[in-house]
Amino acid sequence: MNKVKIAIFDLTDCEGCELQFIALREKLLKRGNDFEITNWRLANEINSNGPFDVTFIEGSPIAETDIETLKQARKMSKIIITLGACADLGGMQSALLEKKRERDLLEVYGPKYKTNSLPPKPVSYYVDVDLHLPGCPVNEEELERLLSSLFIGKKFSPKNHSVCLDCKVAGNPCLFLDEGFCLGPVTRGGCKAPCPANGIRCFGCFGPIEAANLPALKSAGEKHNSVENIDNTLSLFFSKQDVYKEYKISQKKGKNVS
Amino acid sequence: MAKVIFENNLKELALSLSKDAKVFAPVKTHPNSTYSQYSFVEFSKEMELVIDYPTTNLPPKEFLLPPKDILFTYSNGQSQSPVIEKKVIFGLSYEDLYGVEKLTKLFSSPIKDDHFLEIKDSTLIIGADHFSPPKSLNFDLYLQKINSEIYVGHAGTKKGSQILKNSLFKNQEIKIPKVSKKKDLLLSNPDLPKIIMKSKDHPVWNDLAKICLGCGICSYVCPLCYCFEIDDEIDITKDDICSTKCRTWDSCMLNSFAETNAGNFRGELSERIYNWYFHKFVRMPKEYGFSGCVDCNRCVIFCPAKINYRNTLMRLVKDWESKNERS
Amino acid sequence: MKDHNYIPQKAKVVERESLSPDCLGLKIRFPKNYQFNFHPGQFVMVSVPGFSEVPIGITTAPDKNDFEIGVRSAGTVTKKIVSLMVGDDIYINGPFGNGFPLQKMKGKNIVIIAAGIGIFPLRSLIRYLGNNKKIFKSLTIFVGSKCPESLIYKKEYKEWEKFAKVYTTVDSCGPTWDGCIGNITTLFDKNKINKGSLMIACGPPIIYKSIINRYVGKSIAENDLYFMLERKMKCGVGKCQHCTCGELYVCTDGPVFSYDQIKYNTEALS
Amino acid sequence: MSHNTLSQFISKIEGHGKLKYNIAESCVSVNIDEGERLFERLVIGRSYTELAFITARICGVCPTAHAIAATRAIEDAFGVDLNDKINSLRYAIEAGQIIQSHALHLFFLALPDYIKVQNGLELHEKDPGLFKIASELKSAGDEVIKVIGGRAIHPLTPTVGGFTKVPTKKEIEKLIIKIRSAQRLAIETLEIFAGLKYPHLNKKEEYFSLTKNGFVDILGDKLMSTEGVESDVKSYQYVIKEIVKKNCTAKHALHDGHGFIVGATARVNLMSEDDFNPKTQKALKMLKIKLPITNSFKNNLAQAIEILHFCEEIEKQLTSFIWSKDERTKVGYKIKAGVGVGATEAPRGTLFHMYEFDEKGIVINCDIITPTVQNLTSLEDDANEYLKQNKSVSIPRRQKELEMLIRAYDPCITCSVH
Ligand SMILES: Cc1cc2nc3c(=O)[nH]c(=O)nc-3n(C[C@H](O)[C@H](O)[C@H](O)COP(=O)(O)OP(=O)(O)OC[C@H]3O[C@@H](n4cnc5c(N)ncnc54)[C@H](O)[C@@H]3O)c2cc1C
Ligand code: SF4
Ligand code: SF4
Ligand code: SF4
């Protein structure tokens with residue numbers, strides 16, 4: 001059997017997700033006969049230009065070279081998998097308003113600076129994506145589940161339940177109740193709820209669950225939080241998602257009415 | 001002559017049982033939390049038993065129908081069912097005892113779920129509350145609280161009477177009061193199934209869909225919600241396919257619950273909410289003769305949107321009655 | 001040995017045949033001493049280790065040791081099943097469900113309506129009736145499909161025509177097709193059926209609506225009209241709750257339901 | 001699009017850079033090709049409560065350092081005083097961060113150049129023993145962050161005033177055992193890196209580190225340099241100036257108009273012999289390691305020294321955490337308007353976070369200076385100096401060694417463009 005040729009490309013991001021491959025090292029070594037990583041800038045000295053069977057894309061396309069890499073990778077790969085929230089959702093960096101990007105750049109780099117980059121987007125904005133592995137960072141067990149599915153040719157799909165299932169099963173006290181807010185109820189699970197387990201509320205890094213009811217989240221959270229804070233937290237990972245855009249529109253409409 | 005045990009000996013009783021089985025008992029696991037202080041956890045000597053828990057994070061179904069349960073494993077062309085370990089669930093409240101009883105019935109008929117029943121059979125159920133023991137004797141042992149110090153042991157099974165022989169129980173002449181739980185007029189309303197059956201078009205479902213987050217917590221924390229998902233897990237370190245058939249908790253509140261090739265049969269949250277009530281108060285009564293609620297209040301406490309099923313039911317009943325009066 | 005009701009029985013794929021671009025027929029054989037009895041209209045849970053299980057209808061009549069299934073590649077598990085080869089292991093649990101009302105068919109004019117892969121479970125009935133020609137009066141089969149290539153079992157129409165009238169239609173086609181064009185309701189318009197017939201339909205829910213509009217209260221009695229429902233299923237034994245429609249379980253009360261059973265059930269025919 | 005779009009960047013460093021080597025003129029430059037994520041703008045208008053979570057994501061290799069720097073800045077602004085118990089645990093997790101990052105860098109990115117393997121997988125095939133050391137050391141670092149921080153990447157517990165959750169005594173005791181056995185591996189690692197043959201380079205530099213009471217301290221409050229500079233962290237902007245270069249998304253920091261170095265070498269060079277923990281002192285003597293280090297290739301050696309030193313330090317800090325009398329692991333505070341500066345020694349050097357808050361704790365101004373920004377100027381200077389000092393080395397070899405030099409610096413371009 002031919003080895004599955006895997007490539008891992010990082011665009012602009014923190015490079016935390018790809019480290020999860022290193023975290024799986026001993027387990028992956030046992031499958032050395034099934035796959036080889038033929039392009040991984042972070043870990044390989046020499047890297048192939050393709051073709052690849054499976055390509056992981058980490059990070060959000062921002063720099064010109066990111067978009068080049070992405071398009072070329074799509075051409076050379078059978079399957080494209082987004083690895084983590086930056087690739088999947090555009091990452092936190094995409095929470096900044098696009099129309100204010102120029103001003104933001106000016107504030108940080110001064111007037112003489114010229115940029116070659118574009119506002120951050122999810123990878124799917126530029127190329128077709130076959131599978132998504134959500135999370136910031138991706139969860140080790142979910143990555144393992146994805147890889148083992150890949151090796152036997154089973155389609156991987158992220159979990160469909162909310163973070164609250166993971167959270168309840170872990171026996172954590174509910175922060176929505178104790179502290180008045182948490183994104184767990186509208187966020188895709190599979191992460192095993194590490195944030196609530198460590199006393200911080202869910203920030204939504206796995207992206208919204210199917211049919212996330214954001215207006216309901218707002219009305220439940222409003223009792224103890226300003227709508228502004230709720231919006232801020234939501235925008236971190238959801239900003240490029242349709243449910244969020246719809247929610248923002250409904251918010252605006254609501255304001256106009258009242 | 002009654003078998004009596006003192007409150008300060010209960011811990012020792014729990015520990016003595018932990019010699020041959022894992023004992024799960026209510027403990028204050030999160031003292032700083034306002035809402036979720038107590039959980040059933042594997043009991044050990046440095047813990048404090050909280051026999052009078054107001055409620056626990058998860059109901060005892062967590063041990064009978066675990067959130068993730070291995071049905072069987074498959075390797076080298078052979079299927080093998082897992083070894084079921086012995087367990088004791090210690091200190092169940094009156095409501096939770098009924099939860100266990102009903103759950104067991106759900107998995108016993110019309111088709112038996114062998115795997116569930118095997119787990120149930122290897123689990124010892126020990127209740128503790130101040131009511132007189134449930135008539136259905138749905139326990140192995142029941143510790144009826146007489147006053148702040150004394151509990152009287154009632155055996156429901158042979159295994160239970162075996163425990164009563166433990167020297168921690170003393171023979172004592174004592175008057176055992178009759179304390180029964182007040183009848184819940186709302187839940188025992190005989191018209192409830194009919195009312196809900198005919199209320200699909202009631203505005204309440206849309207009202208709830210505006211505030212419900214669709215998170216599924218109300219299913220996870222309910223002692224009687226038992227819907228599940230089955231999937232195979234694969235071991236990444238094995239070349240040969242080595243898989244585990246896993247049953248995991250699901251919730252009918254989730255969008256994908258009834259999704260098929262032909263479309264989503266409950267694509268609207270209001271439909272899913274209706275189904276949640278329908279199952280508890282129509283389908284289950286019809287199928288098993290009892291409602292899917294034991295009034296443990298967990299779904300009320302843990303709902304982030306503070307939705308109270310009793311308010312929903314009361315609204316439906318009220319509207320039903322006033323409609324019938326008019327006609 | 002089977003030791004609890006979720007553990008499936010190992011069987012073997014003994015034949016495979018492509019039925020359409022995305023459908024595959026599989027013949028499955030159990031080990032010699034394994035007893036497997038079923039009624040037409042029942043289904044099995046089919047699994048391959050590492051992949052989950054899916055409900056699949058049986059397409060043959062209970063007259064041999066083997067049985068057949070037809071599978072359309074729709075997703076994770078079905079994609080795997082259609083990739084199985086002769087000699088591969090396949091795991092079967094069941095049979096489950098009620099099956100067709102064979103008793104009621106005695107002496108009746110029977111109409112079978114199959115749209116798309118709805119033909120799979122109905123073929124079991126057709127074959128059964130073919131084996132028991134005496135019990136019914138007449139048999140009419142309406143088959144509809146997207147295109148001629150996805151008309152499943154067309155090779156067998158000749159055989160069926162020995163005891164039934166078979167009418168086919170396709171939604172769209174190339175120049176070589178000389179049959180009827182249009183969705184399955186076109187066949188209803190063209191071919192009159194006998195009043196008081198027993199009608200059994202399987203296909204996407206939308207055709208059920210047109211069937212009801214067309215025949216109920218006119219030529220078919222409510223309790224003589226049967227629909228097969230398809231729902232998500234995880235257990236097949238009435239526990240997991242995925243397949244419920246109101247008070248009914250598709251897996252144990254169905255998958256075959258008479259119209260009067262479900263006409264007030266808002267979830268069944270949505 | 002050129003055919004090598006997919007392999008255009010320097011491999012085995014964090015982030016995207018290209019090496020531009022002009023052979024004719026014998027000079028090099030490093031191009032930075034990382035998109036601007038604009039974290040300094042992202043945090044504006046957000047509550048202080050989200051800062052640790054957000055800024056950790058500047059870098060997946062040193063998220064703990066960012067979380068702690070941000071937290072310290074907030075504490076500075078609000079005037080929060082921590083007790084010793086909290087400080088010990090902070091120290092331990094920050095030291096764990098250094099071990100985690102150094103181990104990853106040394107074994108999986110730097111060492112392959114010296115022992116001529118392509119990547120970690122090949123290392124596993126050719127030298128399973130070495131791989132095992134690497135793997136266990138890395139997992140010891142991971143474990144420290146996991147136990148204290150809640151997970152190995154993007155830790156969760158560090159918060160204003162302490163920790164949202166602290167490990168139990170049992171968990172700490174287990175961790176101490178793990179870190180103790182890692183010390184043995186750290187000694188072996190140091191032996192390996194002391195025995196490598198590093199390319200030739202000798203250049204005088206100014207080295208900076210955080211200090212406290214005159215000693216190098218990863219949670220210090222003063223900046224100190226080998227040239228005698230001493231300054232309060234709060235006035236870092238007077239000591240370190242960032243400049244924007246044309247076509248470069250990373251800024252470059254200068255001190256007094258010239259480059260300087262932070263990170264492992266700087267810290268080690270600012271320490272005197274008895275500042276090291278006992279086993280480290282012993283190993284330094286035994287292996288005859290000479291300090292200070294003036295060859296930037298030997299930053300790898302400095303990292304190896306630090307792994308051992310910090311393994312010992314973690315044991316010390318965790319032990320004092322268990323035995324410390326203070327009860328609270330999170331102290332109270334009042335939100336105040338004002339400016340706060342927080343710094344910490346990240347694996348690659350001093351990391352500064354500055355925030356200005358309004359009276360509700362909403363960020364109105366932010367500045368972040370990462371270690372790599374501070375090293376970039378010296379990195380290029382060093383590369384050019386290397387070419388001058390190694391004229392006799394063959395061109396392909398030179399090219400290779402230039403890459404090794406860059407790798408030795410362990411630049412984190414990801415961090416540098418934030
Ligand atoms: C009683 C019964 C008999 C059936 N008989 C046959 C048959 O003979 N031949 C055949 O090819 N198919 C049959 N099906 C449909 C078949 O079960 C589904 O196509 C299959 O479950 C899809 O699973 P998957 O893992 O391949 O797809 P997934 O990857 O799980 O999903 C792919 C798509 O299929 C949908 N889906 C999931 N489960 C079902 C389901 N149970 N029914 C319909 N859609 C579903 C999903 O919502 C999704 O849109 C039958 C279904 C039922 C309930
Ligand atoms: S803490 Fe958050 S994730 Fe956990 S149950 Fe509560 S709302 Fe859900
Ligand atoms: S717990 Fe409350 S918010 Fe969540 S699904 Fe149930 S009713 Fe809706
Ligand atoms: S009160 Fe709620 S959680 Fe408890 S049994 Fe009833 S429905 Fe279930």
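No hydrogens, no waters, no symmetry mates; every other heavy atom, side chains included, goes into these values. Naming convention: chains lettered A, B, ... in sequence-line order (proteins, then strands); numbering from 1 in each chain. Since the structure is predicted, the reported quantities are computational estimates derived from the model, not experimental observations.
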Any side-chain heavy-atom pair of Ile79(A) and Asp53(A) under 4.5 Å: no

Residue among Ile46(A), Asp104(A), Ile62(A) with most heavy-atom pairs under 4.5 Å to chain D: Asp104(A)

Non-hydrogen atoms of chain A under 4.5 Å away: do they reach the side chain of Val61(D), the backbone, both or neither? both

Which atoms of Leu118(A) approach chain D - backbone, side chain, both or neither, heavy atom under 4.5 Å: neither

So Val54(A) and Lys78(A), do their side chains get closer than 4.5 Å, heavy atoms only? no

If you tally heavy-atom pairs under 4.5 Å between each of Asp10(A), Ile22(A), Asp66(A) and chain D, the highest tally belongs to Asp10(A)

Given Ser7(D), which partner from the list Asn49(A), Asn44(A), Asn39(A), Asn47(A) fulfils the side chain to side chain donor-acceptor pair (under 3.5 Å) test? Asn49(A)

Between Thr55(A) and Ser77(A), is there a side-chain donor-acceptor contact under 3.5 Å, judged purely by atom types and distance? yes

Check whether the side chains of Ser117(A) and Glu64(A) place a donor and an acceptor atom closer than 3.5 Å, and report yes or no. no

What part of Arg201(A) gets closer than 4.5 Å to chain D, counting heavy atoms only: side chain, backbone, both or neither? neither

Checking an interface table here. Which of residues 81-89 of chain A come within a heavy-atom distance under 4.5 Å of chain D? none

Residue pair Thr157(D), Asn198(A): steps toward the side-chain hydrogen bond (donor to acceptor under 3.5 Å, both in side chains) verdict: CA-CA 6 Å; Thr157(D) 56; Asn198(A) 285 289; 5.7 Å; no

Interface residue of largest heavy-atom contact number with chain A, from Glu242(D), Arg46(D), Glu14(D), under 4.5 Å: Arg46(D)

Below 4.5 Å from any heavy atom of chain A, which atoms of Lys400(D) appear? Answer side chain, backbone, both or neither. side chain

Toward chain D, the part of Ala197(A) with a non-hydrogen atom under 4.5 Å: backbone

Looking only at heavy atoms and a cut-off of under 4.5 Å, which of Glu18(A), Lys112(A), Met92(A) has the most pairs with chain D? Met92(A)

Among Val147(D), Ile148(D), Ile86(D), Thr329(D), find the residue that satisfies the side chain to side chain contact (heavy atoms under 4.5 Å, CB included) test when tested with Val166(D). Thr329(D)

Whether Arg41(D) engages the ring of Phe39(D) as a cation-pi pair (distance to the six-membered ring centre under 6.0 angstrom, angle to the ring normal within 45°) should be assessed. no

Less than 3.5 Å apart, any donor N or O on the side chain of Asp367(D) or Gln237(D) sitting next to an acceptor on the other? yes

Measure distances from Thr159(D) to the heavy atoms of chain A and classify the residue's part below 4.5 Å as side chain, backbone, both or neither. neither

Does CD in Glu222(A) sit with more than 12 non-hydrogen atoms of other residues, nucleotides or ligands closer than 6.0 Å? yes

Give, as side chain, backbone, both or neither, the part of Leu109(D) having an atom under 4.5 angstrom from any heavy atom of chain A. side chain

Within 45° cone of Tyr109(A) ring axis and under 6.0 Å: Lys251(D) NZ or CZ: yes

Under 4.5 Å from any heavy atom of chain A, what part of Lys12(D) do you find: side chain, backbone, both or neither? both

Pairing donors with acceptors under 3.5 angstrom, does anything connect the side chains of Glu26(A) and Ser135(D)? yes

Pro137(A) portion near chain D, given a 4.5 angstrom heavy-atom threshold: both

Between Gly110(A), Ser48(A), Ser94(A), Cys195(A), which residue shows the highest count of heavy-atom pairs closer than 4.5 Å to chain D? Cys195(A)

Closest non-hydrogen atoms of Cys202(A) and Gly184(A), given as atom of the first, atom of the second and distance, are CB-N, 3.4 Å

Which bit of Thr115(A) comes within less than 4.5 Å of chain D, counting heavy atoms only: side chain, backbone, both or neither? both

Cut-off 4.5 Å, heavy atoms of chain D, and the answer for Thr233(A) is both

